[in-house]
There are 2 protein chains.
Amino acid sequence: MTTAQHTSKLTARGAATRTRIVTATADLVRKHGAAGTSLDEVMAASRTSKSQLYHYFTNKEDLLRAAAWQQTDRIMATQRPELDQLDSLAGLRRWRDKFVAARDEAQNVGGCPLGSLASELADGDPQTRDVLQKCFTAWASPLLMGLTAMRDQGQLRPDADPEALAEAIMAALQGGLLLSKTYRSSRPLARALDMAIDHVASFATVR
Amino acid sequence: MTTAQHTSKLTARGAATRTRIVTATADLVRKHGAAGTSLDEVMAASRTSKSQLYHYFTNKEDLLRAAAWQQTDRIMATQRPELDQLDSLAGLRRWRDKFVAARDEAQNVGGCPLGSLASELADGDPQTRDVLQKCFTAWASPLLMGLTAMRDQGQLRPDADPEALAEAIMAALQGGLLLSKTYRSSRPLARALDMAIDHVASFATVR
DNA sequence: CCTAGTCTGGACTAGTCAGTCCAGCTTGCG
DNA sequence: CGCAAGCTGGACTGACTAGTCCAGACTAGG
(Lines give C-alpha, C1' and ligand atoms only; values in the text may rest on other atoms or scores of the structure.)
Protein backbone atom coordinates (compact mmCIF):
# COMPACT_ATOMS: atom_id res chain seq x y z
CA MET A 1 0.00 0.00 0.00
CA THR A 2 2.95 2.27 0.60
CA THR A 3 5.71 3.30 -1.72
CA ALA A 4 8.85 1.44 -0.71
CA GLN A 5 10.87 4.48 0.36
CA HIS A 6 8.18 5.96 2.60
CA THR A 7 7.25 3.09 4.85
CA SER A 8 8.60 4.96 7.85
CA LYS A 9 9.28 8.52 8.95
CA LEU A 10 5.97 10.12 8.25
CA THR A 11 4.57 12.89 10.41
CA ALA A 12 0.81 13.16 10.81
CA ARG A 13 0.91 16.22 8.62
CA GLY A 14 3.09 14.45 6.09
CA ALA A 15 0.79 11.46 5.94
CA ALA A 16 -2.18 13.75 5.37
CA THR A 17 -0.41 15.54 2.53
CA ARG A 18 0.59 12.29 0.94
CA THR A 19 -2.99 11.03 1.08
CA ARG A 20 -4.24 14.28 -0.38
CA ILE A 21 -1.85 13.90 -3.31
CA VAL A 22 -2.76 10.28 -3.97
CA THR A 23 -6.48 10.95 -3.76
CA ALA A 24 -6.26 13.89 -6.14
CA THR A 25 -4.20 11.81 -8.55
CA ALA A 26 -6.64 8.90 -8.44
CA ASP A 27 -9.52 11.28 -9.14
CA LEU A 28 -7.82 12.96 -12.06
CA VAL A 29 -6.59 9.70 -13.54
CA ARG A 30 -10.08 8.25 -13.38
CA LYS A 31 -11.36 11.20 -15.38
CA HIS A 32 -8.57 11.86 -17.87
CA GLY A 33 -6.31 8.83 -17.82
CA ALA A 34 -2.69 8.61 -16.70
CA ALA A 35 -1.14 10.34 -19.68
CA GLY A 36 -3.90 12.94 -19.57
CA THR A 37 -3.09 13.91 -16.00
CA SER A 38 -0.26 16.38 -15.44
CA LEU A 39 1.58 16.95 -12.21
CA ASP A 40 0.51 20.58 -12.34
CA GLU A 41 -3.10 19.48 -12.22
CA VAL A 42 -2.34 17.17 -9.32
CA MET A 43 -0.70 20.07 -7.53
CA ALA A 44 -3.69 22.31 -8.06
CA ALA A 45 -6.22 19.67 -7.02
CA SER A 46 -4.31 18.66 -3.91
CA ARG A 47 -3.12 22.15 -2.96
CA THR A 48 0.52 21.12 -2.92
CA SER A 49 3.75 22.11 -4.63
CA LYS A 50 6.21 20.34 -6.88
CA SER A 51 8.63 19.77 -4.06
CA GLN A 52 5.94 17.96 -2.11
CA LEU A 53 5.15 15.65 -5.00
CA TYR A 54 8.80 14.75 -5.31
CA HIS A 55 9.22 14.52 -1.57
CA TYR A 56 6.68 11.68 -1.31
CA PHE A 57 7.19 10.03 -4.71
CA THR A 58 10.25 9.45 -6.80
CA ASN A 59 8.52 10.29 -10.09
CA LYS A 60 5.19 10.27 -11.86
CA GLU A 61 5.14 6.49 -12.33
CA ASP A 62 5.63 6.02 -8.62
CA LEU A 63 2.69 8.32 -7.95
CA LEU A 64 0.55 6.45 -10.46
CA ARG A 65 1.32 3.18 -8.72
CA ALA A 66 0.12 4.63 -5.44
CA ALA A 67 -3.00 5.88 -7.20
CA ALA A 68 -3.64 2.38 -8.54
CA TRP A 69 -3.56 0.98 -5.03
CA GLN A 70 -5.94 3.60 -3.77
CA GLN A 71 -8.25 3.05 -6.70
CA THR A 72 -8.39 -0.65 -5.84
CA ASP A 73 -9.22 0.16 -2.22
CA ARG A 74 -11.97 2.49 -3.35
CA ILE A 75 -13.51 -0.04 -5.72
CA MET A 76 -13.60 -2.68 -3.04
CA ALA A 77 -15.04 -0.28 -0.48
CA THR A 78 -17.77 0.71 -2.93
CA GLN A 79 -18.76 -2.89 -3.51
CA ARG A 80 -19.21 -3.81 0.14
CA PRO A 81 -21.12 -5.60 1.44
CA GLU A 82 -21.97 -7.47 -1.78
CA LEU A 83 -18.31 -8.35 -2.27
CA ASP A 84 -18.32 -10.40 0.92
CA GLN A 85 -21.34 -12.46 -0.04
CA LEU A 86 -20.22 -13.98 -3.31
CA ASP A 87 -20.66 -17.50 -1.99
CA SER A 88 -23.90 -18.28 -3.80
CA LEU A 89 -25.45 -17.71 -7.21
CA ALA A 90 -27.89 -15.32 -5.59
CA GLY A 91 -24.96 -13.39 -4.08
CA LEU A 92 -23.24 -13.21 -7.44
CA ARG A 93 -26.41 -11.87 -9.00
CA ARG A 94 -26.80 -9.23 -6.32
CA TRP A 95 -23.24 -8.14 -7.00
CA ARG A 96 -23.95 -8.01 -10.73
CA ASP A 97 -27.10 -5.95 -10.19
CA LYS A 98 -25.34 -3.42 -8.02
CA PHE A 99 -22.52 -3.11 -10.52
CA VAL A 100 -24.80 -2.57 -13.48
CA ALA A 101 -26.92 -0.08 -11.56
CA ALA A 102 -23.80 1.85 -10.58
CA ARG A 103 -22.73 2.08 -14.22
CA ASP A 104 -26.10 3.38 -15.25
CA GLU A 105 -25.98 5.94 -12.48
CA ALA A 106 -22.65 7.11 -13.85
CA GLN A 107 -24.34 7.23 -17.27
CA ASN A 108 -21.73 4.76 -18.46
CA VAL A 109 -19.12 7.47 -18.66
CA GLY A 110 -15.64 6.31 -17.78
CA GLY A 111 -14.83 2.64 -17.63
CA CYS A 112 -13.12 0.76 -14.87
CA PRO A 113 -10.51 3.07 -13.32
CA LEU A 114 -8.23 0.13 -12.76
CA GLY A 115 -8.85 -1.30 -16.21
CA SER A 116 -8.05 2.00 -17.90
CA LEU A 117 -4.89 2.31 -15.88
CA ALA A 118 -3.87 -1.23 -16.79
CA SER A 119 -4.59 -0.63 -20.44
CA GLU A 120 -2.36 2.41 -20.38
CA LEU A 121 0.47 1.23 -18.15
CA ALA A 122 0.69 -2.57 -18.32
CA ASP A 123 3.11 -2.42 -21.22
CA GLY A 124 5.39 -0.02 -19.40
CA ASP A 125 7.85 -0.71 -16.62
CA PRO A 126 7.71 -4.07 -14.82
CA GLN A 127 7.30 -2.52 -11.39
CA THR A 128 4.06 -0.86 -12.44
CA ARG A 129 2.84 -4.01 -14.15
CA ASP A 130 3.50 -5.89 -10.95
CA VAL A 131 1.36 -3.46 -8.96
CA LEU A 132 -1.45 -3.74 -11.49
CA GLN A 133 -1.34 -7.53 -11.25
CA LYS A 134 -1.59 -7.35 -7.48
CA CYS A 135 -4.50 -4.89 -7.73
CA PHE A 136 -6.47 -7.18 -9.99
CA THR A 137 -5.67 -10.17 -7.82
CA ALA A 138 -6.78 -8.30 -4.71
CA TRP A 139 -10.02 -7.29 -6.34
CA ALA A 140 -10.68 -10.81 -7.55
CA SER A 141 -9.88 -12.40 -4.23
CA PRO A 142 -13.38 -12.06 -2.69
CA LEU A 143 -14.66 -13.67 -5.85
CA LEU A 144 -12.17 -16.49 -5.50
CA MET A 145 -13.05 -16.96 -1.84
CA GLY A 146 -16.76 -17.11 -2.59
CA LEU A 147 -16.39 -19.60 -5.43
CA THR A 148 -14.09 -21.79 -3.37
CA ALA A 149 -16.62 -21.79 -0.56
CA MET A 150 -19.36 -22.73 -3.00
CA ARG A 151 -17.37 -25.69 -4.21
CA ASP A 152 -16.37 -26.80 -0.73
CA GLN A 153 -19.96 -26.59 0.42
CA GLY A 154 -21.04 -28.73 -2.50
CA GLN A 155 -22.92 -25.98 -4.31
CA LEU A 156 -20.52 -26.43 -7.21
CA ARG A 157 -19.24 -29.71 -8.65
CA PRO A 158 -15.77 -30.77 -7.50
CA ASP A 159 -14.37 -30.28 -11.00
CA ALA A 160 -15.20 -26.56 -10.90
CA ASP A 161 -11.99 -24.53 -10.83
CA PRO A 162 -12.57 -21.43 -8.66
CA GLU A 163 -9.46 -19.71 -9.96
CA ALA A 164 -10.40 -20.18 -13.58
CA LEU A 165 -13.96 -19.08 -12.87
CA ALA A 166 -12.85 -15.97 -11.01
CA GLU A 167 -10.45 -15.01 -13.78
CA ALA A 168 -13.09 -15.49 -16.45
CA ILE A 169 -15.60 -13.39 -14.48
CA MET A 170 -13.00 -10.67 -14.12
CA ALA A 171 -12.34 -10.73 -17.86
CA ALA A 172 -16.07 -10.49 -18.60
CA LEU A 173 -16.28 -7.59 -16.19
CA GLN A 174 -13.39 -5.68 -17.73
CA GLY A 175 -14.50 -6.31 -21.28
CA GLY A 176 -18.08 -5.47 -20.41
CA LEU A 177 -16.99 -2.19 -18.87
CA LEU A 178 -14.91 -1.28 -21.90
CA LEU A 179 -17.77 -1.91 -24.31
CA SER A 180 -20.25 -0.17 -22.01
CA LYS A 181 -18.04 2.86 -21.96
CA THR A 182 -17.71 2.81 -25.74
CA TYR A 183 -21.42 2.28 -26.40
CA ARG A 184 -22.49 4.48 -23.48
CA SER A 185 -24.85 1.72 -22.38
CA SER A 186 -24.79 -0.78 -19.55
CA ARG A 187 -26.13 -3.49 -21.86
CA PRO A 188 -22.75 -5.00 -22.83
CA LEU A 189 -21.71 -5.16 -19.18
CA ALA A 190 -25.00 -6.77 -18.17
CA ARG A 191 -24.72 -9.35 -20.94
CA ALA A 192 -21.11 -10.15 -20.11
CA LEU A 193 -21.81 -10.62 -16.42
CA ASP A 194 -24.92 -12.68 -17.12
CA MET A 195 -22.83 -14.94 -19.29
CA ALA A 196 -20.22 -15.25 -16.55
CA ILE A 197 -22.76 -16.09 -13.88
CA ASP A 198 -24.47 -18.59 -16.17
CA HIS A 199 -21.06 -20.15 -16.60
CA VAL A 200 -20.70 -20.55 -12.86
CA ALA A 201 -24.25 -21.91 -12.72
CA SER A 202 -23.30 -24.56 -15.26
CA PHE A 203 -21.11 -26.07 -12.53
CA ALA A 204 -23.92 -26.04 -9.95
CA THR A 205 -24.89 -29.35 -8.40
CA VAL A 206 -28.59 -28.49 -8.13
CA ARG A 207 -30.48 -27.11 -11.12
CA MET B 1 -13.05 4.54 -44.17
CA THR B 2 -12.12 8.01 -45.32
CA THR B 3 -12.16 11.23 -43.38
CA ALA B 4 -15.17 13.22 -44.45
CA GLN B 5 -13.29 16.08 -46.06
CA HIS B 6 -11.06 13.92 -48.22
CA THR B 7 -13.45 11.63 -49.98
CA SER B 8 -12.59 13.22 -53.31
CA LYS B 9 -9.67 15.07 -54.91
CA LEU B 10 -6.90 12.68 -54.15
CA THR B 11 -4.03 12.13 -56.53
CA ALA B 12 -2.36 8.73 -56.63
CA ARG B 13 0.61 10.26 -54.90
CA GLY B 14 -1.63 11.94 -52.35
CA ALA B 15 -3.48 8.73 -51.60
CA ALA B 16 -0.17 6.93 -51.10
CA THR B 17 1.03 9.58 -48.68
CA ARG B 18 -2.19 9.50 -46.76
CA THR B 19 -1.99 5.73 -46.42
CA ARG B 20 1.61 5.98 -45.30
CA ILE B 21 0.60 8.41 -42.57
CA VAL B 22 -2.31 6.30 -41.36
CA THR B 23 -0.27 3.11 -41.34
CA ALA B 24 2.55 4.71 -39.40
CA THR B 25 0.07 6.15 -36.93
CA ALA B 26 -1.67 2.81 -36.43
CA ASP B 27 1.69 1.15 -35.82
CA LEU B 28 2.84 3.71 -33.30
CA VAL B 29 -0.49 3.82 -31.52
CA ARG B 30 -0.49 0.05 -31.18
CA LYS B 31 2.90 0.24 -29.49
CA HIS B 32 2.64 3.37 -27.37
CA GLY B 33 -1.01 4.32 -27.21
CA ALA B 34 -2.71 7.41 -28.58
CA ALA B 35 -1.45 9.87 -26.00
CA GLY B 36 1.99 8.27 -26.24
CA THR B 37 2.25 8.91 -29.96
CA SER B 38 3.38 12.36 -31.08
CA LEU B 39 2.89 13.83 -34.49
CA ASP B 40 6.64 14.24 -34.75
CA GLU B 41 7.02 10.48 -34.42
CA VAL B 42 4.34 9.95 -37.03
CA MET B 43 6.21 12.32 -39.34
CA ALA B 44 9.48 10.45 -38.86
CA ALA B 45 7.93 7.02 -39.31
CA SER B 46 5.97 7.98 -42.41
CA ARG B 47 8.64 10.25 -43.90
CA THR B 48 6.29 13.21 -44.12
CA SER B 49 6.12 16.77 -42.83
CA LYS B 50 3.75 18.66 -40.59
CA SER B 51 2.07 20.31 -43.51
CA GLN B 52 1.24 16.92 -44.96
CA LEU B 53 -0.32 15.71 -41.74
CA TYR B 54 -2.52 18.78 -41.62
CA HIS B 55 -3.24 18.59 -45.30
CA TYR B 56 -4.88 15.18 -44.97
CA PHE B 57 -6.28 15.45 -41.45
CA THR B 58 -7.83 18.33 -39.58
CA ASN B 59 -6.10 17.48 -36.30
CA LYS B 60 -4.67 14.63 -34.25
CA GLU B 61 -8.07 13.24 -33.28
CA ASP B 62 -9.02 13.05 -36.91
CA LEU B 63 -5.85 11.11 -37.63
CA LEU B 64 -6.51 8.78 -34.73
CA ARG B 65 -9.97 8.03 -36.06
CA ALA B 66 -8.47 7.03 -39.39
CA ALA B 67 -5.97 4.86 -37.55
CA ALA B 68 -8.81 3.13 -35.69
CA TRP B 69 -10.42 2.22 -38.99
CA GLN B 70 -7.21 0.85 -40.36
CA GLN B 71 -6.56 -1.09 -37.19
CA THR B 72 -9.96 -2.72 -37.53
CA ASP B 73 -9.22 -3.66 -41.12
CA ARG B 74 -5.92 -5.18 -40.07
CA ILE B 75 -7.43 -7.20 -37.26
CA MET B 76 -10.05 -8.64 -39.54
CA ALA B 77 -7.52 -9.40 -42.26
CA THR B 78 -5.32 -11.21 -39.76
CA GLN B 79 -8.19 -13.40 -38.61
CA ARG B 80 -9.19 -14.63 -42.01
CA PRO B 81 -10.20 -17.26 -42.89
CA GLU B 82 -11.29 -18.27 -39.37
CA LEU B 83 -13.47 -15.19 -39.12
CA ASP B 84 -15.64 -16.42 -41.99
CA GLN B 85 -16.25 -19.82 -40.46
CA LEU B 86 -17.78 -18.93 -37.14
CA ASP B 87 -20.94 -20.86 -37.92
CA SER B 88 -20.24 -23.86 -35.73
CA LEU B 89 -18.80 -24.60 -32.31
CA ALA B 90 -15.79 -26.15 -34.02
CA GLY B 91 -15.33 -22.95 -36.04
CA LEU B 92 -15.51 -20.84 -32.89
CA ARG B 93 -12.91 -23.05 -31.25
CA ARG B 94 -10.58 -22.77 -34.24
CA TRP B 95 -10.91 -19.00 -34.02
CA ARG B 96 -10.19 -19.10 -30.30
CA ASP B 97 -7.12 -21.27 -30.82
CA LYS B 98 -5.68 -18.99 -33.47
CA PHE B 99 -6.27 -15.97 -31.30
CA VAL B 100 -4.62 -17.45 -28.24
CA ALA B 101 -1.69 -18.72 -30.30
CA ALA B 102 -1.22 -15.26 -31.80
CA ARG B 103 -1.11 -13.68 -28.35
CA ASP B 104 1.50 -16.17 -27.21
CA GLU B 105 3.55 -15.45 -30.31
CA ALA B 106 3.44 -11.78 -29.40
CA GLN B 107 4.51 -12.83 -25.90
CA ASN B 108 1.34 -11.20 -24.61
CA VAL B 109 2.84 -7.78 -25.03
CA GLY B 110 0.33 -5.12 -26.04
CA GLY B 111 -3.36 -5.80 -25.78
CA CYS B 112 -6.01 -5.31 -28.40
CA PRO B 113 -5.05 -2.27 -30.47
CA LEU B 114 -8.69 -1.35 -30.83
CA GLY B 115 -9.44 -2.00 -27.18
CA SER B 116 -6.58 0.22 -26.02
CA LEU B 117 -7.71 2.95 -28.33
CA ALA B 118 -11.27 2.66 -27.06
CA SER B 119 -10.11 2.73 -23.46
CA GLU B 120 -8.20 5.90 -24.15
CA LEU B 121 -10.57 7.76 -26.44
CA ALA B 122 -14.12 6.56 -25.77
CA ASP B 123 -14.67 9.23 -23.15
CA GLY B 124 -13.52 11.98 -25.47
CA ASP B 125 -15.36 13.60 -28.34
CA PRO B 126 -18.54 11.97 -29.66
CA GLN B 127 -17.26 11.72 -33.21
CA THR B 128 -14.40 9.50 -32.11
CA ARG B 129 -16.66 7.43 -29.89
CA ASP B 130 -18.92 6.90 -32.86
CA VAL B 131 -16.05 5.60 -34.95
CA LEU B 132 -14.99 3.25 -32.17
CA GLN B 133 -18.52 1.89 -31.90
CA LYS B 134 -18.60 1.22 -35.62
CA CYS B 135 -15.20 -0.49 -35.45
CA PHE B 136 -16.32 -2.87 -32.72
CA THR B 137 -19.55 -3.54 -34.52
CA ALA B 138 -17.70 -4.28 -37.75
CA TRP B 139 -15.34 -6.64 -35.98
CA ALA B 140 -18.21 -8.43 -34.25
CA SER B 141 -20.28 -8.73 -37.39
CA PRO B 142 -18.74 -12.03 -38.63
CA LEU B 143 -19.43 -13.37 -35.17
CA LEU B 144 -23.02 -12.21 -35.36
CA MET B 145 -23.43 -13.71 -38.83
CA GLY B 146 -22.05 -17.05 -37.73
CA LEU B 147 -24.22 -17.24 -34.63
CA THR B 148 -27.31 -16.24 -36.56
CA ALA B 149 -26.58 -18.95 -39.11
CA MET B 150 -26.15 -21.48 -36.33
CA ARG B 151 -29.53 -20.62 -34.90
CA ASP B 152 -31.26 -20.58 -38.27
CA GLN B 153 -29.76 -23.97 -39.11
CA GLY B 154 -31.05 -25.35 -35.84
CA GLN B 155 -27.63 -25.80 -34.26
CA LEU B 156 -28.73 -23.37 -31.56
CA ARG B 157 -32.07 -23.24 -29.82
CA PRO B 158 -34.52 -20.61 -31.13
CA ASP B 159 -34.29 -18.68 -27.86
CA ALA B 160 -30.56 -18.06 -28.39
CA ASP B 161 -29.97 -14.35 -29.03
CA PRO B 162 -27.10 -14.01 -31.53
CA GLU B 163 -26.61 -10.34 -30.77
CA ALA B 164 -26.36 -10.89 -27.04
CA LEU B 165 -24.04 -13.84 -27.58
CA ALA B 166 -21.78 -11.90 -29.94
CA GLU B 167 -21.58 -8.96 -27.56
CA ALA B 168 -20.76 -11.20 -24.61
CA ILE B 169 -18.04 -12.96 -26.61
CA MET B 170 -16.59 -9.60 -27.57
CA ALA B 171 -16.56 -8.53 -23.93
CA ALA B 172 -14.82 -11.74 -22.90
CA LEU B 173 -12.31 -11.17 -25.66
CA GLN B 174 -11.53 -7.60 -24.65
CA GLY B 175 -11.36 -8.36 -20.96
CA GLY B 176 -9.27 -11.45 -21.61
CA LEU B 177 -6.84 -9.42 -23.69
CA LEU B 178 -6.52 -6.76 -21.01
CA LEU B 179 -5.78 -9.30 -18.29
CA SER B 180 -3.43 -11.21 -20.57
CA LYS B 181 -1.50 -8.05 -21.23
CA THR B 182 -1.34 -7.27 -17.53
CA TYR B 183 -0.33 -10.78 -16.46
CA ARG B 184 1.83 -11.33 -19.54
CA SER B 185 0.15 -14.68 -20.04
CA SER B 186 -2.43 -15.94 -22.51
CA ARG B 187 -4.18 -17.87 -19.75
CA PRO B 188 -6.80 -15.23 -18.88
CA LEU B 189 -7.68 -14.82 -22.55
CA ALA B 190 -7.96 -18.58 -23.03
CA ARG B 191 -10.19 -18.94 -19.97
CA ALA B 192 -12.40 -16.03 -21.00
CA LEU B 193 -12.88 -17.35 -24.52
CA ASP B 194 -13.50 -20.87 -23.25
CA MET B 195 -16.20 -19.52 -21.01
CA ALA B 196 -17.74 -17.61 -23.89
CA ILE B 197 -17.76 -20.63 -26.19
CA ASP B 198 -19.18 -22.83 -23.43
CA HIS B 199 -21.89 -20.24 -23.11
CA VAL B 200 -22.73 -20.57 -26.79
CA ALA B 201 -22.61 -24.34 -26.40
CA SER B 202 -25.18 -24.13 -23.63
CA PHE B 203 -27.67 -23.08 -26.31
CA ALA B 204 -26.77 -25.98 -28.60
CA THR B 205 -29.56 -28.34 -29.60
CA VAL B 206 -27.35 -31.45 -29.63
CA ARG B 207 -25.06 -32.22 -26.71
C1' DC C 1 14.67 25.00 24.28
C1' DC C 2 17.57 23.15 20.48
C1' DT C 3 18.53 20.83 16.73
C1' DA C 4 18.18 17.42 13.20
C1' DG C 5 15.13 15.71 10.18
C1' DT C 6 10.71 16.42 7.95
C1' DC C 7 8.11 19.29 5.21
C1' DT C 8 6.94 23.18 2.01
C1' DG C 9 6.90 27.17 -1.64
C1' DG C 10 8.04 28.29 -5.86
C1' DA C 11 11.41 29.68 -9.35
C1' DC C 12 13.80 27.48 -12.97
C1' DT C 13 15.36 24.34 -16.82
C1' DA C 14 15.30 21.87 -20.88
C1' DG C 15 12.60 19.49 -23.63
C1' DT C 16 8.21 18.26 -26.10
C1' DC C 17 3.76 19.09 -27.84
C1' DA C 18 -0.08 20.28 -31.34
C1' DG C 19 -0.96 23.43 -34.49
C1' DT C 20 0.11 27.63 -37.98
C1' DC C 21 2.02 29.58 -41.91
C1' DC C 22 4.13 30.45 -46.22
C1' DA C 23 6.88 29.66 -50.11
C1' DG C 24 7.79 26.50 -53.58
C1' DC C 25 7.13 22.10 -55.94
C1' DT C 26 4.33 18.64 -58.71
C1' DT C 27 0.46 17.13 -61.36
C1' DG C 28 -4.05 16.76 -63.67
C1' DC C 29 -6.45 18.95 -67.26
C1' DG C 30 -7.88 22.05 -70.76
C1' DC D 1 1.90 24.78 -73.00
C1' DG D 2 -0.21 26.97 -68.96
C1' DC D 3 -2.45 27.41 -64.86
C1' DA D 4 -5.12 26.07 -61.03
C1' DA D 5 -5.29 22.84 -57.62
C1' DG D 6 -3.14 19.35 -55.07
C1' DC D 7 0.99 18.48 -52.55
C1' DT D 8 5.31 19.23 -49.80
C1' DG D 9 9.28 21.12 -46.69
C1' DG D 10 10.27 23.12 -42.72
C1' DA D 11 10.65 27.13 -39.78
C1' DC D 12 8.06 29.01 -36.14
C1' DT D 13 4.93 29.78 -32.03
C1' DG D 14 3.02 29.43 -27.56
C1' DA D 15 1.56 26.37 -24.39
C1' DC D 16 2.67 22.71 -21.47
C1' DT D 17 5.64 18.91 -19.64
C1' DA D 18 8.42 16.21 -15.92
C1' DG D 19 11.86 16.96 -13.11
C1' DT D 20 15.61 19.93 -10.28
C1' DC D 21 17.03 22.91 -6.76
C1' DC D 22 17.39 25.75 -2.78
C1' DA D 23 15.96 28.50 0.93
C1' DG D 24 13.13 28.50 4.66
C1' DA D 25 9.28 26.84 7.78
C1' DC D 26 7.61 23.34 10.85
C1' DT D 27 7.99 19.68 14.42
C1' DA D 28 9.41 15.50 17.06
C1' DG D 29 12.57 13.98 20.41
C1' DG D 30 16.30 14.68 23.46
Side-chain angles (χ1 to χ4, degrees), chain A residues 2-25 28-29 31-67 117 120-121 124-125 127-128, chain B residues 2-25 28-29 31-67 117 120-121 124-125 127-128:
Chain A
T2 40
T3 319
Q5 60 269 48
H6 279 100
T7 36
S8 55
K9 310 244 191 168
L10 258 192
T11 308
R13 184 169 62 135
T17 304
R18 191 182 185 282
T19 305
R20 213 160 6 107
I21 294 172
V22 176
T23 302
T25 306
L28 288 165
V29 164
K31 286 183 212 149
H32 312 120
T37 299
S38 75
L39 298 185
D40 287 350
E41 291 172 303
V42 172
M43 282 164 55
S46 60
R47 288 161 293 122
T48 51
S49 64
K50 265 285 166 66
S51 55
Q52 288 172 283
L53 260 52
Y54 283 89
H55 181 69
Y56 297 103
F57 306 95
T58 64
N59 53 30
K60 191 181 177 182
E61 281 267 335
D62 190 28
L63 174 56
L64 289 173
R65 281 192 289 270
L117 218 42
E120 216 170 335
L121 304 176
D125 84 56
Q127 214 180 332
T128 304
Chain B
T2 41
T3 318
Q5 60 270 47
H6 278 101
T7 38
S8 57
K9 312 246 193 165
L10 258 192
T11 310
R13 183 169 63 134
T17 303
R18 191 182 185 282
T19 306
R20 212 158 8 105
I21 294 172
V22 176
T23 302
T25 306
L28 289 166
V29 164
K31 285 183 213 147
H32 312 120
T37 299
S38 74
L39 297 184
D40 287 349
E41 290 172 304
V42 172
M43 283 163 56
S46 61
R47 288 161 294 121
T48 51
S49 63
K50 265 285 167 65
S51 57
Q52 288 171 284
L53 260 52
Y54 282 88
H55 181 69
Y56 296 102
F57 306 94
T58 63
N59 53 31
K60 191 183 177 181
E61 280 267 335
D62 190 29
L63 173 55
L64 289 173
R65 282 192 288 270
L117 219 42
E120 219 170 333
L121 304 178
D125 82 57
Q127 214 180 331
T128 303

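Chain identifiers are assigned alphabetically (A, B, ...) following the order of the sequence lines, protein sequences preceding nucleic acid strands; residue numbering begins at 1 within each chain.
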So how far is it from B:T25 OG1 to B:F57 CZ, rounded to the nearest 0.5 Å? 6.5 Å
Rounded to whole angstrom units, what separation is found between the CZ atom of A:R47 and the P atom of C:dG9? 10 Å
Extract from the structure each pairing of a protein N or O with an N or O of nucleotides 22-27 of chain C at less than 3.5 Å, listing the distance.
none

I want to check one thing: is the phosphate of C:dT8, taken as OP1 and OP2, less than 4.0 Å away from some side-chain N or O of A:T48? no
Listed partners of A:R47 passing side-chain hydrogen bond (donor to acceptor under 3.5 Å, both in side chains), at least two apart: none
Taking only residues two or more places apart in sequence, or in another chain, which ones meet A:K50 in a salt bridge (Lys or Arg N to Asp or Glu O under 4.0 Å)? A:D40
Pairing donors with acceptors under 3.5 angstrom, does anything connect the side chains of B:T23 and B:R20? no
Residue set satisfying side-chain hydrogen bond (donor to acceptor under 3.5 Å, both in side chains) with B:T11, at least two apart, ordered chain then number -> none
Along DNA chain C (nearest heavy atom to each residue), the more 5'-positioned of A:A12 and B:G36: A:A12
Interatomic distance, A:T48 atom OG1 to A:H55 atom NE2 [nearest 0.5 angstrom]: 12.5 Å
In whole Å, what is the span from the CZ atom of A:R18 to the P atom of C:dT8? 13 Å
The criterion is side-chain hydrogen bond (donor to acceptor under 3.5 Å, both in side chains); which residues satisfy it with A:S38, sequence neighbours excluded? A:E41
Close side-chain approach of A:L64 and A:L121, heavy atoms under 4.5 Å: yes
Starting at CG of B:L53 and ending at C1' of D:dG9, how long is that distance when rounded to a whole Å? 13 Å
Should B:Q52 be listed as having a side-chain N or O under 4.0 Å from OP1 or OP2 of D:dC7? no
Can you tell me the distance, in whole Å, between the NE2 atom of B:H55 and the P atom of D:dA5? 13 Å
B:L64 CG to C:dA18 C1', in whole Å, measures 12 Å
By nearest-heavy-atom nucleotide on DNA chain D, the more 5' of B:A15 and B:M43 is B:A15
Kindly give the atom pairs (protein nitrogen or oxygen, nucleotide nitrogen or oxygen) under 3.5 Å for nucleotides 13-19 of chain D.
{"unit_1": "D:dT17", "atom_1": "OP1", "unit_2": "A:S38", "atom_2": "OG", "d": "3.3"}
{"unit_1": "D:dA18", "atom_1": "OP1", "unit_2": "A:K60", "atom_2": "NZ", "d": "3.0"}
{"unit_1": "D:dA18", "atom_1": "OP2", "unit_2": "A:L39", "atom_2": "N", "d": "2.9"}
{"unit_1": "D:dA18", "atom_1": "N7", "unit_2": "A:K50", "atom_2": "NZ", "d": "3.4"}
{"unit_1": "D:dG19", "atom_1": "OP2", "unit_2": "A:Y54", "atom_2": "OH", "d": "2.9"}
{"unit_1": "D:dG19", "atom_1": "OP2", "unit_2": "A:K60", "atom_2": "N", "d": "3.0"}
{"unit_1": "D:dG19", "atom_1": "O5'", "unit_2": "A:Y54", "atom_2": "OH", "d": "3.2"}
{"unit_1": "D:dG19", "atom_1": "N7", "unit_2": "A:K50", "atom_2": "NZ", "d": "3.0"}
{"unit_1": "D:dG19", "atom_1": "O6", "unit_2": "A:K50", "atom_2": "NZ", "d": "3.0"}

Quick one: pull up CG in A:D125 and CZ in A:R65 and give me the separation to the nearest 0.5 Å. 5.5 Å
